[in-house]
Colleague: 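Input: one structure, supplied below.
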Amino acid sequence: MTIRTRFAPSPTGYLHIGGVRTALFNWLLTRRHGGTFVLRIDDTDAERNRPEALQPILDGFHWLGIDWDEGPEVGGPCGPYVQSQRQHLYVEAALKLIDSGHAYPDYKSADEISAERKEAEKAKRNYIYRGAHRSTPPAECRRLYDAQRTVIRLKVPEGKPIVINDLICGKVEVQPELVGDSVILRADGRALYNFATVVDDVAMKITHIVRAKEHLSNTPVQVLAYEALNYPVPQFAHVPVVNAPKSKEKLSKRKMKQFMTDDVVQRLRAAHAVPPDWTDEQIKNSEDLNPATVAFYRVLGYLPAALVNYFGRLGWSLDDKTEIMPLATMIENFSLERVNDSPASFDPDKLLWMAGEYMKQLPIDDKVAGVIPFLRRANLIGDEVDDALRRKIRKVIEACGDRLKVYSDVYLYASFLFRDPEYDPKAVKQRLHKDGIREHLTAFADVLKTIEPFEPAVLEEKLKEYCDARQFKLGDLNHALRVATTGVMVGVSVFDGLAILGRDETLRRIGTALGLNM
RNA sequence: GCCCCCAUCGUCUAGUGGCCUAGGACAUAGCCCUCUCAAGGCUAAGACAGGGGUUCGAGUCCCCUUGGGGGCACCA
């Protein structure tokens, strides 16, 4: 039997990290077994559905390299893959259930029910709803419904427990008297999630439903729907939710706000990932560029392979040691048995570490190609990249070395190589206002005029010579050179930096720095 | 309130009754390297929620307690 799985996001405008992890598990399982992965858009709730909200989700998957065999863009034999276009199927199925005695129309108003529910809550009684027509004969139910449309409810059969054999949670039993007769179709014919998803999963021949644990409580109703429709119940695997960092609560945008640091805001601005007139506060409250979304990591220049590896390891493990593994290894070895039973907290620190590991392994040419869009967006380079510029970028990347964990790190370490320094007053005060620095900087500038070739190793040698001869602390002059030429205290090696700047530019900047009145 | 699920270092995890004096990774701290920042090397600190069973033997199986999470919709 070949397996068929699906991921069914609702179009919210962004791809959430928790969703990606679930999608990834589905995808890995499917690729492992050579099955078919279906992407379906669950937009039954019109209020949540914005037409432009789908593309960011598809973009996110494309970027991560998670592809689907059937769904939007690619089509397939079970389409359409958008629930709003399948409404007639849900109506059809619901009517079938009325005729077979598994469902009934219900005329009690939502207000009345919620009032009863509130009352029950107040009295600390459990509220399980059963509609008036649950014992009305099917033909009569149908006559009533045809005469006056209303909501249709699924009739929960009493007597035997509902059993779910979950691939991750094991056997879960629920007593039917604890499950209310839930609405499957609204009066206007729109289906509810619990019903639409079953009808679609049946129509799309889904064999394995891998989804977040929060759906486990919905599952009994869905199982009843399968049984009522007389379809085989698929395999369920409820994966534990992803929690917020160092937290026991589900990951949410609000919980991630603390990771919108000033550094992040600066990078987002530099990359022009947000409108220039936004305030810091607006950026920090952004809906789609939030540390709980995939797009956030994309605009900061995380490598997609690192995200896939990280999320693949969140809640699943290969063995007792392996952290970094090629995608092929993950696919070959993925199994639901090794998915943890308990929730896992998302750890941005570990993700960043992993991003660095992937960046280290990336061939230099790929790094150059990858960093160019980031330089461009920040206006550090223009649209044209000629050979000379490409060589320079290559040198910059080499100089950055392992400092570059994500592409936006280039802003931090190497911006000065593409534009004039922005002198940080603190750096100037600390490094340029020391005793003797001005004199030595001036004198060493004369040395720089004669250095040949103007390359890192030679520069380093000459600086050492200069300092040794005058018994001056090498570090002090070095730091001064850095601040004079870059404006800041952190960056690539001073010698690499000077060599890339070139002699004339280096001397010009030292001159500027010496004239600085800060 | 009711139902369901979960429980190993701060975090991700290994552990499927003896291989466990509980292993690895991130983060943390110290030292080394060093022109800053990274990277790298070495070291340290750090966990079986508690209580009962079962067993020759329990992190591992069972029960209870506690703690946490999710759900109880004409949301998905």
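Order of the sequence lines fixes the chain letters, A, B, ..., with proteins taken first and strands second; residue numbering starts at 1 for each chain. Here the structure is a predicted model, which means the values were calculated and not measured.
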Colleague: Whole Å only: how far is the CG atom of L216(A) from the P atom of G70(B)?
Modeller: 14 Å
Colleague: Should F334(A) and F25(A) count as side-chain neighbours, where that means a heavy-atom distance under 4.5 Å?
Modeller: yes
Colleague: Taking the side chain of R403(A) as heavy atoms from C-beta outward, which of G1(B), C37(B), C35(B) is closest to it?
Modeller: C37(B)
Colleague: Side chain of V183(A) only, please: which of C12(B), C74(B), C35(B) is the nearest?
Modeller: C74(B)
Colleague: With rounding to the closest Å, how many angstrom separate the P atoms on C9(B) and G51(B)?
Modeller: 16 Å
Colleague: Rounded to the nearest angstrom, tell me the gap between atom CZ in F346(A) and atom C1' in A27(B).
Modeller: 14 Å
Colleague: Taking for each residue the nucleotide of RNA chain B bearing the nearest heavy atom, is the 5' side occupied by S109(A) or by I168(A)?
Modeller: I168(A)
Colleague: Give me the atom names and distance for the closest heavy-atom approach of C400(A) to Y413(A).
Modeller: SG-CB, 4.2 Å
Colleague: Across all strands, who's sitting opposite C35(B) as a Watson-Crick or G-U wobble pair, both distances under 3.5 Å?
Modeller: none
Colleague: Could you check how far OH of Y129(A) sits from P of C2(B), rounded to whole Å?
Modeller: 24 Å
Colleague: Between G18(B) and G52(B), how far apart are the P atoms? Round to whole Å, please.
Modeller: 23 Å
Colleague: Given G69(B), G23(B), C5(B), which nucleotide is nearest the side-chain atoms of D320(A)?
Modeller: G23(B)
Colleague: What is the nucleic acid contact for Q175(A), judged by heavy atoms within less than 4.0 Å: base, sugar-phosphate only, or nothing?
Modeller: nothing
Colleague: For V492(A), report the nucleic acid contact type (base, sugar-phosphate, nothing); a contact means any heavy atom under 4.0 Å.
Modeller: base
Colleague: Within the modelled atom types, does a donor on one side and an acceptor on the other bring the side chain of K350(A) and the base of A25(B) under 3.5 Å apart?
Modeller: yes
Colleague: Out of A25(B), C6(B), C3(B), which has the shortest distance to the side chain of P343(A)?
Modeller: C6(B)
Colleague: Base, sugar-phosphate, or nothing: which does K108(A) touch, judged by heavy atoms less than 4.0 Å apart?
Modeller: base
Colleague: Choose from U13(B), C75(B), G10(B) the nucleotide whose nearest atom is closest to any side-chain atom of R186(A).
Modeller: C75(B)
Colleague: Please compare A110(A) and K171(A) by the position of their nearest nucleotide in RNA chain B and report the one closer to 5'.
Modeller: K171(A)
Colleague: Before we go on, tell me: are the rings of Y466(A) and H440(A) under 6.0 Å apart, centre to centre?
Modeller: yes
Colleague: Taking the C1' atom in each of G68(B) and G30(B), what is the distance between them to the nearest angstrom?
Modeller: 35 Å
Colleague: Give the rounded distance in Å between these two atoms: CG of N340(A) and C1' of A7(B).
Modeller: 11 Å
Colleague: R338(A) near the nucleic acid: base, sugar-phosphate alone, or nothing, with a heavy-atom cut-off under 4.0 Å?
Modeller: sugar-phosphate
Colleague: Check this for me: E119(A), atom CD, are more than 12 non-hydrogen atoms of other residues, nucleotides or ligands nearer than 6.0 Å?
Modeller: no
Colleague: Looking at the side chain of K250(A), which of C4(B), G70(B), A76(B) is the nearest nucleotide?
Modeller: G70(B)
Colleague: Any N or O donor-acceptor pair under 3.5 Å from the base of C72(B) to the side chain of S217(A)?
Modeller: no
Colleague: For K250(A), is there an ion pair with E214(A) - N to carboxylate O distance below 4.0 angstrom?
Modeller: yes
Colleague: Rounded to the nearest angstrom, tell me the gap between atom CD in E323(A) and atom P in G24(B).
Modeller: 12 Å
Colleague: Side chains of Y310(A) and D347(A) only: does a donor on one sit below 3.5 Å from an acceptor on the other?
Modeller: no
Colleague: Can you say whether a donor on the side chain of D347(A) sits under 3.5 Å from an acceptor on the base of A27(B), or the other way round?
Modeller: no
Colleague: Nearest of U13(B), U36(B), G70(B) to any side-chain atom of S317(A)?
Modeller: U13(B)
Colleague: Tell me the interatomic distance from Y466(A), atom OH, to C35(B), atom P, rounded to whole angstroms.
Modeller: 18 Å
Colleague: If you check the K405(A) side chain, which of A38(B), U36(B), A76(B) turns out closest?
Modeller: A38(B)
Colleague: Taking a pair as Watson-Crick or G-U wobble with both distances under 3.5 Å, which nucleotide is matched to C26(B)?
Modeller: G10(B)
Colleague: Of the nucleotides C3(B), C26(B), G40(B), which one has an atom closest to the side chain of K360(A)?
Modeller: G40(B)
Colleague: What is the distance, to the nearest angstrom, from the CD1 atom on I324(A) to the C1' atom on G24(B)?
Modeller: 13 Å
Colleague: Counting side-chain heavy atoms from CB outward, which of C35(B), A76(B), C6(B) is closest to V494(A)?
Modeller: C35(B)
Colleague: Return yes if a side-chain donor-acceptor contact under 3.5 Å exists between H133(A) and Y107(A), otherwise no.
Modeller: no
Colleague: For C2(B), what is the paired nucleotide under Watson-Crick or G-U wobble rules, both distances under 3.5 Å?
Modeller: G71(B)
Colleague: Counting Watson-Crick and G-U wobble pairs only, both distances under 3.5 Å, name the nucleotide matched with C61(B), or none.
Modeller: G53(B)
